[in-house]
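What you see below is based on every heavy atom in this structure, not just the backbone, and it leaves out hydrogens, waters and symmetry mates.
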Amino acid sequence: MKYIIPIIIALAGISGMHAQDFSKFKALSDSTFRNSTEYQQANKYQKDAILFLEMLADTHPYYVKKDRQGKLMAKKDALLAKCADCTSDSLFCTYLQEVLGLLRDKHTDVIDLAQWAQKKQPKPEAEPEPEAEQQSDAVMAKKKDLFAYQIFEQPSICYLQFNQCADARTMRNDALPRFDTFLDSMFCQMDSLKVQTLVVDVQYNNGGSSRLCDELLAHLYPVHLIKNFNSQMRFSNLAAAYNPRIGVAKTAWENDGHAEELYTFPNSQPEPVDIPVYQGKVVWVQSRKTFSSAGILITLARDNKVGEIVGETSTYAPSHYGEVLPYRLPNTGVVGTISCKYFTRPDSEHADDPTLEPDTALDLANKEAAWQYILTTYGKK
């Protein structure tokens with residue numbers, strides 16, 4: 001049977017939700033529980049705890065297996081006992097976050113709106129940056145630009161600091177530079193100077209639009225040969241609330257005996273593009289602050305053998321959950337987001353690795369020493 005998968009509303013995730021209107025988040029339906037004595041006799045926190053557990057079991061890709069759902073539901077009695085004496089939304093959010101545990105993956109979370117509002121208040125004075133990042137004269141010190149490059153002719157190195165996966169197109173701000181034209185200019189200059197090594201520093205990059213990462217990678221490897229992530233989706237009632245066609249696909253999928261399986265999207269290989277591929281060495285710099293789209297970029301580089309990686313062990317998992325669905329709990333009004341897709345890295349032998357290790361570990365707190373290592377190891381001899 002052919003399953004037609006419509007595009008789900010894509011939101012940026014917890015880090016970008018400050019721009020979202022929480023009132024537009026879909027409320028979870030309690031129609032299944034209205035005749036339940038347990039639900040009817042519960043207070044508002046207990047009612048929403050029941051709905052939260054059911055939504056988590058029905059939506060998150062990790063809980064597609066019945067045995068995992070069973071372990072989740074085993075937490076129900078303890079959660080309801082805590083909620084019986086709950087006195088605030090903030091405390092309720094804490095209880096739900098404890099249930100999430102390791103699934104609180106930057107895309108799956110519960111939002112304490114009181115804390116959220118407090119974070120949005122202007123701070124009396126800016127917090128000082130860590131000492132290492134105050135080294136403004138160091139090449140690898142954090143710049144204010146979204147992206148910027150420097151060419152050092154003597155060691156024949158181009159240093160690209162890629163701080164955020166955002167530009168004029170993704171931010172809808174013509175005052176910002178476009179990443180595609182920026183790359184064209186940078187690679188043109190590198191070609192004219194015959195630069196032998198490109199250093200791509202994403203140690204400050206916490207993500208954004210993967211479109212920019214794809215544009216960079218297209219200059220470094222033939223796009224039609226890139227081994228990409230495999231994408232798997234969990235059909236759910238929450239997804240169906242945003243698009244009813246998902247509900248139709250869910251019913252058909254489960255009736256065909258796939259209730260404990262994720263739907264795997266077929267991989268389509270892009271057509272070749274007329275972009276000259278850089279033939280020099282490529283070095284990637286990652287840190288514990290590298291996340292989301294930037295982490296995906298580093299993973300694709302590793303799995304397609306595009307250059308070497310230096311820096312710190314990642315805090316992101318190369319295979320990861322994503323594609324955010326927002327939700328609202330109807331009795332308390334508490335909101336949150338949950339992943340509905342699982343993205344498996346191309347290197348299937350290391351699909352379950354919790355982190356991505358660099359080829360060479362570097363102490364990025366010492367910018368000068370890290371840069372000297374790069375010059376010595378990858379610069380023109």
Side-chain angles (χ1 to χ4, degrees), residues 139-140 143 145-153 155-171 176-229 267-287 290-311 318 343 345-347 356 358-359 374-375 377-380:
V139 172
M140 298 176 70
K143 310 297 189 295
D145 307 277
L146 295 171
F147 35 81
Y149 74 91
Q150 295 174 264
I151 290 181
F152 302 86
E153 293 189 51
S156 194
I157 287 178
C158 176
Y159 171 76
L160 166 62
Q161 190 172 107
F162 188 14
N163 290 335
Q164 190 174 346
C165 303
D167 70 352
R169 298 162 298 170
T170 62
M171 301 296 287
L176 297 175
R178 284 179 56 130
F179 193 59
D180 54 349
T181 54
F182 166 88
L183 288 176
D184 289 342
S185 175
M186 183 186 78
F187 280 103
C188 181
Q189 188 174 1
M190 288 172 59
D191 182 60
S192 67
L193 296 174
K194 302 189 184 308
V195 173
Q196 295 183 5
T197 301
L198 171 65
V199 176
V200 182
D201 188 350
V202 292
Q203 65 174 298
Y204 310 107
N205 195 321
N206 64 1
S209 171
S210 291
R211 174 181 182 180
L212 279 70
C213 300
D214 293 340
E215 290 171 346
L216 173 57
L217 202 56
H219 285 272
L220 305 176
Y221 199 83
V223 295
H224 62 290
L225 298 179
I226 292 176
K227 293 180 291 185
N228 219 317
F229 282 78
N267 265 341
S268 58
Q269 204 66 23
E271 295 293 325
V273 296
D274 188 21
I275 296 178
V277 174
Y278 176 63
Q279 298 300 316
K281 291 178 287 188
V282 181
V283 182
W284 306 86
V285 183
Q286 77 165 11
S287 75
T290 304
F291 288 117
S292 193
S293 295
I296 293 172
L297 174 62
I298 295 293
T299 302
L300 287 175
R302 164 63 61 76
D303 290 359
N304 286 278
K305 297 180 172 54
V306 181
E308 298 181 24
I309 302 166
V310 302
F343 299 91
R345 67 185 294 183
D347 182 359
L356 190 146
D359 295 296
I374 290 173
L375 288 178
T377 308
Y378 302 103
K380 184 178 180 181

Does any non-hydrogen side-chain atom of [Y] lie less than 4.5 Å from one of [X]?
| X | Y | result |
| --- | --- | --- |
| Leu198 | His219 | no |
| Val283 | Ile157 | no |
| Leu375 | Phe152 | no |
| Val139 | Tyr159 | yes |

Counting N and O atoms only, with roles assigned by atom type, does the side chain of [X] sit under 3.5 Å from a partner on the main chain of [Y], one being a donor and the other an acceptor?
| X | Y | result |
| --- | --- | --- |
| Ser185 | Thr181 | no |
| Asp303 | Asp347 | yes |
| Glu215 | Leu183 | no |
| Tyr278 | Gln196 | yes |
| Gln279 | Val277 | yes |
| Ser209 | Thr170 | no |
| Ser293 | Gly208 | yes |
| Asn228 | Asn267 | no |

Closest contact, heavy atoms only, [X] versus [Y]:
| X | Y | answer |
| --- | --- | --- |
| Lys194 | Ser156 | O-OG, 3.5 Å |
| Thr290 | Gly295 | CG2-N, 4.0 Å |
| Lys143 | Asn163 | O-ND2, 3.2 Å |
| Ala294 | Val202 | CB-CB, 4.4 Å |

Just how far is it from atom [atom1] of [X] to atom [atom2] of [Y], taken to the nearest 0.5 Å?
| X | Y | atom1 | atom2 | answer |
| --- | --- | --- | --- | --- |
| Cys165 | Asp214 | SG | CG | 10.0 Å |
| Glu308 | Thr197 | CD | OG1 | 10.0 Å |
| Lys227 | Lys305 | NZ | NZ | 5.0 Å |
| Phe291 | Asn205 | CZ | CG | 11.0 Å |
| Cys213 | Ile296 | SG | CD1 | 7.5 Å |

Quiz prompt | side-chain contact (heavy atoms from CB on, under 4.5 Å) partner of Leu217, the single match among Val223, Leu212, Leu300, Val200 | solution =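 Of the listed residues Val223, Leu212, Leu300, Val200, the side-chain contact (heavy atoms from CB on, under 4.5 Å) partner of Leu217 is Leu300.
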Quiz item: Should Asp145 and Gln161 be marked as a side-chain contact (heavy atoms from CB on, under 4.5 Å) after you check the CA-CA gap, both sets of side-chain angles, and the distance that decides it?
Solution: CA-CA 9 Å; Asp145 307 277; Gln161 190 172 107; over 6 Å; no
Practice problem: Only one of Phe182, Phe179, Phe187 passes ring pair (Phe, Tyr, Trp, His ring centres under 6.0 Å) with Tyr149; say which it is. | Solution: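 Result: among Phe182, Phe179, Phe187, Phe182 is the only option passing the ring pair (Phe, Tyr, Trp, His ring centres under 6.0 Å) with Tyr149.
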Practice problem: Any chance you could lay out the side-chain contact (heavy atoms from CB on, under 4.5 Å) test for Phe229 and Thr299, step after step, and finish with the verdict? | Solution: CA-CA 9 Å; Phe229 282 78; Thr299 302; 3.7 Å; yes
Exercise. Take Met140 and Gln203 through the side-chain contact (heavy atoms from CB on, under 4.5 Å) test and state the conclusion after the steps.
Key: CA-CA 9 Å; Met140 298 176 70; Gln203 65 174 298; 3.6 Å; yes
Exercise. Could you tell me whether Asp359 and Arg302 make a salt bridge, using a distance below 4.0 angstrom between a side-chain N and a carboxylate O?
Key: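 A salt bridge links Asp359 with Arg302.
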Quiz item: Heavy-atom count around Gln150 CD within 6.0 Å, excluding the residue itself: above 12?
Solution: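 Yes, the 6.0 Å shell around CD holds more than 12 heavy atoms from other groups.
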Practice problem: Please report the C-alpha distance between Arg345 and Leu356 in whole Å, then the side-chain angles of each, then the deciding distance to 0.1 Å, and finally whether the side-chain contact (heavy atoms from CB on, under 4.5 Å) criterion is met. | Solution: CA-CA 11 Å; Arg345 67 185 294 183; Leu356 190 146; 4.2 Å; yes
